[in-house]
Number of protein chains: 2
Amino acid sequence: MAAELVTTAALSAARSTDPARPQRADARRNVVALVEAAKTVFARSGVDAPAKEITDRAGVGVGTLYRHFPRRSDLIVAVMQHEIDECIEAAEEFANTLRPWEALTTWIERFMDFVGTKRGLALALHSGDPAYDDLPQHLLDRLAPVLQTLLTRAVDGKLARADITAREVLTAIALICQPVPGEQPIFNQRMARVFMDGLTLPKRSRAEVDIRIGNLASDVERS
Amino acid sequence: MAAELVTTAALSAARSTDPARPQRADARRNVVALVEAAKTVFARSGVDAPAKEITDRAGVGVGTLYRHFPRRSDLIVAVMQHEIDECIEAAEEFANTLRPWEALTTWIERFMDFVGTKRGLALALHSGDPAYDDLPQHLLDRLAPVLQTLLTRAVDGKLARADITAREVLTAIALICQPVPGEQPIFNQRMARVFMDGLTLPKRSRAEVDIRIGNLASDVERS
DNA sequence: AACTATACGGAATAGCTTTCCGGTTAGTAC
DNA sequence: GTACTAACCGGAAAGCTATTCCGTATAGTT
C-alpha cells in the first residue's frame, strides 16, 4: 500500500536521470525495504540511528542506502511522506468544519502529534548537521501553505495577530516540541498552547492591567 | 581575573578527592589554559567543536582535557560560570528597579542574549547526547530560583498566569532560542515575545472576541 | 544466449571520542 | 642539594560511525 508512495519518494530523491527506462526491479525492491526498515528503526532509535542498523534490517549493503538516499534527510522525507500528506488533508478538513480559531489551534495540535511522535525529528530539524539541511525547507514548503490558509482566516476574523507568518508559526512550534529530558510530551503541548495564546490579538487588557495595578507595583518596588 | 573563578569551577568538576593537599601547579595552569581555549573555540565553532581543537590551542594533550573535564558539559559549565553569575545579578537588579512585568520580560531578554550568544548552547541543552546530560539541570538549578522571584511578583500582581513555573519558562525559552538555519536571532526573539505574551493572564478578551465576532466567524465558515 | 547499463555489497577511508599507560615532574622529606 | 613519590602529562590506541569507491553480479534487452 505504501509502495507507490515510497517509490515516488525514492524516485524524486534518487533518480534525476532519464525517466524513459524505469528503475530496475531489484533497485525498487531495495528502496522499499530500506524505507520500511528505516520507519521501524527511526521509531525505536530516532532519526539519527546508525546507518548500519537500517541496512542490516533491510538486508542490503550500506552502499545501497547511500546510492538511493545520499543524505539522511532524503530517507526521512521518504519515510514521512505519508504522514505529511495526512497532516495536509487534516488542515482542509478542519477549515471546513471548525470556526477559524478552533481550526487553527486544532491543526496545530495535530501538527504537534506528528512532530512529537517522530522521536528526534524536531531535533533533527534544527541540528545544524548538513545531512538534515533541506528537511526543514521541505516540511515548510509542504505545510506552510495550508497553515497560511487557516492563519489568514483567523487574522481576517480579528482573532490572531497579523504580524506572524505561517512559516514562523511552524518553526516556532517545531522548536517548542523538541523533547526535553525529564519532561513528558505534555509539557511541550502546554508550552505550545502558551505560545498560541500569545498569537491572539495583542490585548488591550495588557495595558489596562498595567495601569490598574501600577500603584501596587510601585509599592512592591519600594519595599 | 577569571583565574579564581576558573579554578573554582574546575575544582568542583575535576577534584573530588582530599582537599587538604591542593592541586599541583601545572594541573592548575592546564585547567586555566583549557577553559580559556574552550571559551575561544566555543565562540567560533560551537560547543561541540572537536576536542583536539581545544587541546591544541591550550597546548596540552587530549588526556589532560578528559582528566579534568570528563564530560563535555563540565567544560561548558566552567566556561560559562561567569556569564551565569552575571545573569543572576541582573535579575536582582531588575527586580529592584523595574515594575513586575517589565522586570520579567527584561530579564528574559537578558537570558536570551546569554543563550543566543553561545552558538550551539541552546542546541546542546536538548541534544540528547549523554555528554550534555546534566547541563540543563545545572542551568535550571542556578537560574530558576531568580526567575521564580520575578515570576511570582508578576503573578501576585495579576500580571501573569499562575500555572507555569519558572523552570518551565526557562526551558521553553531555551527551546525557542535555538538557532534556525536561514533565520536571524531576531526571529527567535520575536517568537519568544509571542510566548511571553501568552504568559500574561488568560484574558477575558479571548472569550469576548470569540463571542463578539462569533457571527462573522460563522459567516466565514459557511462561505 | 549474449550483451550492457544498472545496481549491488562491503572493504577501505576518514574523522571523531574516549581510554589507557609508560614516562615526566612538582612538591616534600631529609 | 638530593632523593623520593604521588600526581600529572602526552599522545598512541581502541572503538564508533559516516561516506566513498570499485570489482562483481544481474535485470532487462536484442
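Below, chain A is the first sequence line, B the second, and so on; all start at residue 1.
Comparing atom distances between the A/V62 side chain and each of D/dC9, C/dG10, C/dA7 picks out C/dG10 as nearest. Side-chain proximity of A/V60 to the nucleotides D/dA18, D/dG28, C/dG9 is greatest for C/dG9. When the nucleotides D/dG11, C/dT17, C/dG27 are ranked by their closest atom to the side chain of B/R72, C/dT17 comes out on top. Of the candidate nucleotides D/dT20, C/dA26, C/dA7, C/dA26 has the atom nearest to the side chain of B/D26.
Proximity of B/R67 to the phosphate of D/dC8: no side-chain N or O atom is located under 4.0 Å from OP1 or OP2. OP1 or OP2 of D/dC9 sits under 4.0 Å from a side-chain N or O of B/H68. For the OP1/OP2 pair of D/dC8 and a distance below 4.0 Å, the side-chain nitrogens and oxygens of B/N30 include no atom meeting the criterion.
Nearest heavy atoms, A/V155 versus A/R161: CG2-O, 3.5 Å.
Side chains of B/T171 and A/E183: a donor-acceptor N/O pair is absent below 3.5 angstrom, by distance only. B/S45 and B/E53 are linked by a side-chain donor-acceptor pair at a separation below 3.5 angstrom, with hydrogens and angles left out of the test.
The separation between A/K52 atom NZ and D/dT19 atom C1' is 15 Å, rounded to whole Å. In this structure, A/R28 places its CZ atom 18 Å from P of D/dT26, rounding to the nearest Å. Here the P atom of nucleotide D/dT19 and the CG atom of A/D74 are 11 Å apart, to the nearest Å. Per the geometry, CZ belonging to A/F69 stands 16 Å off C1' belonging to D/dT19, to the nearest Å. If you measure from atom CG of A/L65 to atom P of C/dC8, you get 11 Å, rounded to the nearest angstrom. To the nearest angstrom, P of D/dT26 lies 18 Å from CD of A/Q23. In this structure, B/D56 places its CG atom 14 Å from C1' of C/dG15, rounding to the nearest Å. Rounding to whole angstrom units, CZ of residue B/R71 and C1' of C/dT19 are separated by 16 Å.
You won't find any donor-acceptor pair under 3.5 Å spanning the side chain of A/R24 and the base of C/dA7, going by distance alone.
Listed by first then second residue, pairs satisfying side chain to side chain donor-acceptor pair (under 3.5 Å) with a partner in residues 104-113 of chain B read B/E109-B/R193, not counting sequence neighbours.
The residue among B/Y66 and B/R29 whose nearest nucleotide of DNA chain C lies closer to the 5′ end is B/Y66.
Rounded to the nearest 0.5 angstrom, A/D85 CG and A/R142 CZ are separated by 4.5 Å.
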